[in-house]
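Below is one structure, written out as structure tokens, with a few remarks after it.
Lettering of chains follows the sequences in order, A, B, ..., and the numbering in each one begins at 1. Side-chain atoms are counted along with the backbone in the values below, which use heavy atoms only and exclude waters and symmetry mates.
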2 protein chains.
Amino acid sequence: MPGYDKRPPGYDKYAFEPFAVTVDLAVFTIRDGALRVLLVERGQSPYAGQRALPGGFVLPDESAETAAARELAEETGLSDVTGLHLEQLRTYSDPDRDPRMRVVSVAFAALVPDPPEVRGGGDAARADWLPYGTGAYGPLAFDHDRILADAHDRIGSGIENTCLATAFCPPEFTLGELRGVYEAVWGAGLDPANFRRKVLATPGFVKPVHGAARLTGGRGKPAALYKAGPATALHPPLLRPTAEGRPS
Amino acid sequence: MPGYDKRPPGYDKYAFEPFAVTVDLAVFTIRDGALRVLLVERGQSPYAGQRALPGGFVLPDESAETAAARELAEETGLSDVTGLHLEQLRTYSDPDRDPRMRVVSVAFAALVPDPPEVRGGGDAARADWLPYGTGAYGPLAFDHDRILADAHDRIGSGIENTCLATAFCPPEFTLGELRGVYEAVWGAGLDPANFRRKVLATPGFVKPVHGAARLTGGRGKPAALYKAGPATALHPPLLRPTAEGRPS
DNA sequence: CCAAAAGTGTTTTGCATACACCCATGA
DNA sequence: TCATGGGTGTATGCAAAACACTTTTGG
């Protein structure tokens with residue numbers, strides 16, 4: 001920080017009202033073909049009784065990424081968070097975003113494959129996987145409505161250009177399930193035939209699991225199983241059907 | 001912040017070593033057809049004598065965006081920063097990124113049209129527009145090499161999907177100049193004919209300025225002038241020539 | 001006249017869409 | 001046997017790439 005040297009005269013590190021640094025998590029999953037987000041219910045004022053994104057303080061020896069992974073493990077009860085997709089979204093720093101004190105929050109978006117039992121080991125308040133964007137929850141606390149909308153935007157464009165859709169799936173999945181991820185996030189139907197071609201034509205997106213087939217639960221031909229491939233970027237992108245794209 | 005309520009026992013807001021919150025700016029421009037970045041030279045330890053990104057503290061009543069705009073104005077000497085492209089990149093929060101104390105930095109990428117005289121009104125140390133990625137500067141201080149690389153990545157993919165390339169141009173520009181922006185940022189040549197068609201086919205990207213023509217300085221037919229249009233997103237994207245895209 | 005850049009036209013080719021069709025399973 | 005979802009094949013249309021060609025300036 002060059003500006004570091006431009007401190008106000010007489011500056012010392014306890015002179016200012018301190019900034020608290022927190023992380024907020026927008027954790028998504030797919031259940032019953034619908035996109036859901038993990039929300040907690042606030043017990044205290046302000047915004048008591050309203051829903052909010054899970055999150056917490058960044059501890060003195062943690063990076064924001066480490067803190068986010070820790071909170072994710074605590075809130076979801078997942079013991080092994082490695083391999084899950086956890087991505088920094090942006091930082092929200094409006095001076096008035098928390099009425100109590102100055103809080104700068106680094107927001108993250110996370111994708112988990114299957115809703116494991118919620119509130120595994122944490123001290124979290126009541127947390128639930130609620131359907132995204134259906135009015136199943138009222139306005140969120142603080143600026144969390146905005147954060148959640150930004151996170152959904154990011155996920156939506158993320159699965160367009162990267163292989164991150166597999167992060168919603170269990171270790172082995174069918175192409176129908178993968179297609180379900182896109183349809184749930186985008187809220188639009190895709191042509192199964194073209195989707196299949198597109199995915200298989202992208203090297204490293206998915207790898208076939210030989211000799212295995214899964215009954216999708218209902219009728220229909222059993223589908224072949226795939227697992228996530230080594231690729232991370234998607235070229236060319238898998239474009240949304242009718243909608244227009246999003247700015248950076 | 002729900003985790004806000006999960007404070008350690010006995011927490012009060014002065015109990016922790018405070019976090020300092022700063023902004024770092026990667027300010028790009030095009031000069032002589034080459035991409036340049038604004039760098040200051042550090043006077044004090046640590047990293048004395050090395051180059052660094054301009055930046056500074058977020059003041060108690062500022063958001064990170066406000067602080068970034070203020071710093072940009074101070075460092076570039078531009079009095080009117082409105083209209084310039086200033087975009088939050090991400091936040092760097094490694095506990096050891098600054099040896100002196102705990103500093104969390106929100107990084108921004110900025111695009112300015114023409115290199116105005118540098119160090120206009122600020123108290124900045126020596127600052128120069130140096131060619132990006134040519135070894136014109138050694139390793140940067142702190143983690144600024146990484147920040148700068150991330151910023152270049154963001155700009156490179158940003159001009160692919162958005163109209164932000166016009167932010168590098170003066171109010172009125174020729175299509176050749178706009179093409180020069182893409183070639184400088186991507187480091188690759190583009191077909192003038194196809195570039196022209198692509199830009200003009202995108203509604204709202206540029207608007208013609210009637211009755212005006214600019215001599216490009218050298219020989220050749222005078223080019224028509226255009227100004228930035230109202231569009232912000234680019235659909236379909238203007239893809240890089242040979243390279244592959246970038247992950248989110 | 002020549003070089004260089006603007007601007008127009010044309011051909012080719014790849015790719016996405018749309019849709020028809022067969023396969024395998026549960027009810 | 002019928003409905004349902006997996007999987008394959010194929011025609012059509014659009015848009016990007018490649019390149020030839022004209023125009024208008026400075027040297």
Whole angstroms only, please: what is the [atom1]-[atom2] distance between [X] and [N]?
X        : N      : atom1 : atom2 : answer
B:Leu190 : C:dA5  : CG    : P     : 15 Å
A:Leu200 : D:dG9  : CG    : P     : 12 Å
B:Arg179 : C:dG7  : CZ    : P     : 10 Å
B:Phe195 : D:dA18 : CZ    : P     : 16 Å
B:Leu225 : C:dA6  : CG    : C1'   : 13 Å
B:Leu178 : C:dA5  : CG    : P     : 17 Å

Polar atoms only, N or O, under 3.5 Å: list the protein pairs with nucleotides 11-14 of chain D and their distances.
none

State plainly whether the residues A:Arg51 and A:Asp128 are in salt-bridge range, i.e. N to O under 4.0 Å.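 Judged by the 4.0 Å cut-off on N to carboxylate O distance, A:Arg51 and A:Asp128 do form a salt bridge.
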
Below 4.0 angstrom, N of the basic side chain to O of the carboxylate: do A:Arg70 and A:Glu75 qualify?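 Salt bridge absent between A:Arg70 and A:Glu75.
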
Step-by-step ring-ring contact (aromatic ring centres under 6.0 Å, His included) determination, A:Phe173 to A:Tyr226: CA-CA 5 Å; A:Phe173 51 88; A:Tyr226 294 84; 7.2 Å; no

Sugar-phosphate or base contact per nucleotide [nucleotides 15-22 of chain C; S, B, -; heavy atom under 4.0 Å]: -SBBB---

Is a side-chain N or O of B:Thr91 found less than 3.5 angstrom from the main chain of A:Val106, in a donor-acceptor match?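 No, because the side chain of B:Thr91 does not come within donor-acceptor range (under 3.5 Å) of the backbone of A:Val106.
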
Does B:Arg196 place a side-chain N or O at less than 4.0 Å from the phosphate oxygens OP1/OP2 of C:dT8?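 For C:dT8, OP1 or OP2 has a side-chain N or O of B:Arg196 closer than 4.0 Å.
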
Of the listed nucleotides (C:dT25, D:dG7, C:dG7), which one gets closest to any side-chain atom of A:Ala223?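 Ranking C:dT25, D:dG7, C:dG7 by closest atom to the A:Ala223 side chain puts D:dG7 first.
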
Nearest heavy atoms of A:Thr174 and A:Leu225, plus distance in Å: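 Heavy-atom minimum between the residues: CG2-CD2, 3.9 Å.
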
Indicate the ring-plane relationship of B:His152 and B:Tyr132, choosing parallel, tilted or perpendicular according to the 30° and 60° boundaries.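 Rings of B:His152 and B:Tyr132: parallel, as their planes differ by under 30°.
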
Let me have the donor-acceptor pairs involving side chains of residues 197-211 of chain B, under 3.5 Å, with sequence neighbours excluded, atom names and distances please.
| unit_1 | atom_1 | unit_2 | atom_2 | d |
| --- | --- | --- | --- | --- |
| B:Arg197 | NH2 | B:Asn194 | OD1 | 3.0 |
| B:Lys198 | NZ | B:Pro237 | O | 3.4 |
| B:Thr202 | OG1 | B:Lys198 | O | 3.0 |

May I have the step-by-step check of side-chain contact (heavy atoms from CB on, under 4.5 Å) for A:Leu148 and A:Leu140, ending in yes or no? CA-CA 9 Å; A:Leu148 183 55; A:Leu140 301 184; 3.8 Å; yes

Looking only at side-chain N and O atoms, does B:Tyr92 offer a donor or acceptor that is under 3.5 Å from a partner on B:Asp24?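 There is no such pair between these side chains.
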
